[in-house]
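None of these values were measured; they are calculated from a predicted model. The figures that follow rest on heavy atoms only: side chains count, while hydrogens, waters and symmetry mates do not.
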Amino acid sequence: MVDPAEARSGALVWSVAGLVQAIADTLGARFAACGVRGEIASFSRAASGHCYFSLKDADGAAALIRCAMFRRAAGLLDFVPGEGQLVELRGRLAVYEPRGELQFVVESMQRAGAGALYEQFLRLQARLAAEGLFDPVRKRPIAAFPHRLGVVTSLAAAALRDVLTTLARRSPQVEVIVYPSPVQGADAPAALVQALETAGRRAEVDTLLLCRGGGSLEDLWAFNDERVVRAVAASPIPLVCGVGHETDVTLADLAADLRAPTPTAAAELAAPEAAACREQLGMLARRAQRRVRSQLDLQAQRLDTLALRLARPAEGLRRREAELVLLGTRLARAARRVLERSDDRLQQLGARLARAGGVLRRTEAQRLAALDDRLRALDPQHVLERGYAWLADTQGRVVGSVARLAPGDALEATLADGHATLQVEAIRRGRE
């Protein structure tokens, strides 16, 4: 044990290990469990699963502390730590004795400001996706061979220099119009919307490039602003978005007609390389020349054939005359065949008509005979011949009942062989 009085008086001389151990014990007792907030720097993950990085203040202060997060704690993370992320750490201070360095042993890590922004990012992404702003069917093809490109970015941004350098090297034939706007800070969203609307209203470019270099989520937040995203989706000009590095994805990227991983890639996608265009034009020119030569050769052969035929008109006439004779012979044979078939057809129809007429006559004769028999059976003369008489009053009306008679009435009786006048003497009804 070390006497505190001796330690205070300076009489005690520490060994290095003893002093480091004493400092470690003091820190462990004073900062057994604490939290710290800062921005990740120099992050690395060892093959063992342990993570090592530094933590610095997000406001740019020079303070820095080394951190170690062992495999057990790293396995509990629900996100992948990266450079520039703002995080909150829980753990304890310790001294790494082999080098005598102060370090923070991390027990847990969660996103701080970036985490809250990321949650906001996800909520806005889901809402705008539900409205259809990110649907692939809305994407328009960009101009294959633009004459003029528009660039929306800051005049002081490195992204603008990258775009201009790339276009000057690859596509010097393309004109560039810059619509300046800040790309970071509280005023950036409104300025970006204004620049996009200006470009759409002036309608002087074939394709728009929305560009910015890399940065943290906070740095790129202007391109996640709902106003900017809606302005990108509403742009009347096809738009290529190249914001951040390859791993950075903003909502403006999702709403654009084409996403580029970097500003340089946006310039490369927006305009074809002049050398490649010249090579393609040369290939098309050679193909056109081959086709023209082929057509000229074909037409020359046809011209030679026509010239030979024109040089011997008599042969052509004889050939046409032979064709006419052949056609006349074929026409005569065809006419004879038609007439023969028509004659056979008429004979067949005549025979069928005669047979049908005979059958019809016999049928009608039988029908007339049956009707005559029925008519004879109904003739009143036959009834009179069987002893019946036809009685009528003096007006010729048929008398069919004694109810119409009275003694002394005169009647006319029609018999089978003549007529007789009768007078009623008495009337008897029924069987009286």
Side-chain angles (χ1 to χ4, degrees), residues 17 20-21 23-25 27-28 30-126 158-159 162 184 212-221 223-224 242-251 253-254 259-265:
V20 170
Q21 181 63 49
I23 294 173
D25 293 340
L27 289 175
R30 178 66 178 84
F31 299 97
C34 62
V36 62
R37 175 184 177 134
E39 188 174 285
I40 294 177
S42 305
F43 184 88
S44 64
R45 186 185 295 269
S48 61
H50 304 324
C51 300
Y52 302 97
F53 56 96
S54 298
L55 196 69
K56 62 182 181 179
D57 283 330
D59 58 3
L64 184 80
I65 187 171
R66 297 185 179 277
C67 302
M69 189 175 193
F70 300 119
R71 182 173 59 187
R72 179 190 59 79
L76 300 177
L77 290 174
D78 58 355
F79 68 101
V80 179
E83 291 289 323
Q85 287 185 339
L86 189 63
V87 294
E88 289 182 0
L89 308 179
R90 300 295 299 179
R92 56 185 173 81
L93 280 175
V95 176
Y96 184 60
E97 295 183 4
R99 288 200 294 267
E101 294 180 351
L102 178 67
Q103 67 177 6
F104 191 81
V105 179
V106 181
E107 297 295 338
S108 67
M109 176 192 300
Q110 65 180 11
R111 288 174 293 216
L117 285 179
Y118 187 69
E119 296 298 332
Q120 183 179 347
F121 173 91
L122 294 178
R123 287 195 298 270
L124 182 58
Q125 179 184 6
D162 293 342
Q184 184 174 344
R212 188 206 188 282
S216 64
L217 184 60
E218 294 93 333
D219 296 337
L220 304 180
W221 190 250
F223 298 90
N224 294 318
V243 175
H245 299 303
E246 294 187 10
T247 56
D248 296 323
V249 178
T250 67
L251 297 182
D253 289 319
L254 303 180
R259 175 187 177 264
T262 63
T264 300

Grab the two heavy atoms, one from [X] and one from [Y], that are nearest each other, plus how far apart they are.
X: L102; Y: A94; result: CD1-O, 3.5 Å
X: E101; Y: R66; result: OE1-CD, 3.7 Å
X: R71; Y: S48; result: CD-O, 3.1 Å
X: G213; Y: A159; result: N-CB, 3.8 Å
X: E107; Y: A73; result: O-CB, 3.4 Å
X: A260; Y: A265; result: CB-C, 3.8 Å

Check this for me: does any side-chain nitrogen of one of E88 and R37 sit under 4.0 Å from a carboxylate oxygen of the other?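 Judged by the 4.0 Å cut-off on N to carboxylate O distance, E88 and R37 do form a salt bridge.
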
In sequence, state the C-alpha distance, the side-chain angles, and the governing distance for L76 and S108, and then conclude on side chain to side chain contact (heavy atoms under 4.5 Å, CB included). CA-CA 8 Å; L76 300 177; S108 67; over 6 Å; no

Gap between atom NZ of K56 and atom OG of S42 - 0.5 Å precision: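 That separation rounds to 8.0 Å.
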
Taking atom CZ of F121 and atom CG of L220, what is their separation to the nearest 0.5 Å?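 Those atoms lie 10.0 Å apart.
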
Could you check I40 against M109 for side chain to side chain contact (heavy atoms under 4.5 Å, CB included), going step by step and ending with a plain yes or no? CA-CA 11 Å; I40 294 177; M109 176 192 300; 4.2 Å; yes

So, do [X] and [Y] sit near enough that their side-chain heavy atoms are less than 4.5 Å apart?
X: V243; Y: D248; value: no
X: R259; Y: V249; value: yes
X: D162; Y: T262; value: no
X: R212; Y: F223; value: yes
X: L77; Y: M69; value: yes

Restricting to ring-ring contact (aromatic ring centres under 6.0 Å, His included), what partner residues turn up for F70, sequence neighbours left out?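 In terms of ring-ring contact (aromatic ring centres under 6.0 Å, His included), with neighbours along the sequence ignored, F70 is linked to H50.
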
Is there a side chain to side chain contact (heavy atoms under 4.5 Å, CB included) between V106 and F53? Walk through the geometry before answering. CA-CA 11 Å; V106 181; F53 56 96; 4.1 Å; yes

Side chain to side chain contact (heavy atoms under 4.5 Å, CB included) between F104 and L55, intermediate numbers included: CA-CA 9 Å; F104 191 81; L55 196 69; over 6 Å; no

